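Here's the structure we're looking at; comments come further down.
Note that the structure is a prediction, hence the values are computed from the model and not measured. Atoms within each ligand, like the ligands themselves, are counted from 1 in listed order. Computed from heavy atoms alone, side chains included, the values below leave out hydrogens, waters and symmetry copies.
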Amino acid sequence: MWRLANKSLPTASNLLDRNIQTAAKDCIHGCGCLETDCHIFFHCQVAKAVWFATPWNIKWDTFEANSLAEKLILIANPTNALPVHFADKEDFFLLAVIVLDQLWKIRNSTIFENKLFSLVSTMDLLKIRFQEAKYAASKAIRDGTSMIGVVARDHLGEVLKIRAVSFQSDIPELAEAYGLLQGLILASEEGWTNLVCESDAKNIISGLNNSNLQLTHWSAEGILNDILFMQGLFQSVVFN
Ligand SMILES: [Zn+2]
């Protein structure tokens with residue numbers, strides 16, 4: 001995502017921007033369009049077919065005028081703009097990153113290996129790559145290292161900050177508690193005063209709401225006490 005956002009992929013329009021002459025400046029897929037980043041990744045007939053074949057049937061037509069950076073922000077914040085349910089946000093983001101990467105690979109294999117694009121085999125491959133990415137994320141937890149993602153959103157659901165921290169423990173409940181604590185630390189750094197903290201770990205949430213930590217894993221007690229202490233530093237903190 002970083003590489004794309006920084007326009008460092010050498011598509012023809014970027015090369016022309018830098019006054020580098022290239023032989024082929026039209027899209028390799030034969031649409032008669034100039035090969036810009038936006039074209040290759042969103043508006044090309046190949047890109048359109050792939051995005052529409054995802055479970056969310058994405059169409060980018062109404063975003064033709066939007067810049068590449070604006071489209072990438074939409075991928076991170078799809079709710080209300082794209083037909084992606086709030087609960088699917090993370091899965092959509094993961095698949096979207098894989099789609100962008102795959103579109104770039106398709107472009108290259110068409111140019112360099114003369115391969116013909118096939119929607120069916122592309123979607124099969126995307127399905128496998130998506131499962132692998134999800135598996136890699138869950139495997140990290142089994143291996144004893146958790147990557148904890150803290151996503152801060154405002155009251156409209158817009159993403160304000162994303163923080164990723166690694167954590168040495170294979171106890172999911174402990175990782176969830178640590179994630180909540182990191183969220184509170186982030187909020188205090190940012191000067192936010194009214195918080196809603198969300199977690200999938202229901203017994204942690206109910207333990208925090210009742211200040212009763214008996215049902216939570218014993219190893220999480222220290223972190224949970226830190227969370228309860230930090231709660232007092234804000235105007236309001238709701239655990240959900
Ligand atoms: Zn094209």
Main-chain N/O of Val97 paired to Asp101 side chain as donor or acceptor, under 3.5 Å: no

Flag if over 12 foreign heavy atoms under 6.0 Å of CG, Asn80: no

Backbone of Phe52 reached by a side-chain donor or acceptor of Asn57 within 3.5 Å: yes

Geometric class of the Phe42/Trp51 ring pair [parallel <30°, tilted 30-60°, perpendicular >60°]: parallel

Proximal protein heteroatoms (N, O or S) of the Zn ion (ligand 1), under 2.8 Å: Cys27 SG, Cys31 SG, His39 NE2, Cys44 SG

Residue that, paired with Ile106, satisfies side-chain contact (heavy atoms from CB on, under 4.5 Å) out of Ile40, Leu125, Thr122: Thr122

Working for side chain to side chain donor-acceptor pair (under 3.5 Å), residues Tyr178 and Gln182: CA-CA 6 Å; Tyr178 190 71; Gln182 290 299 317; 3.2 Å; yes

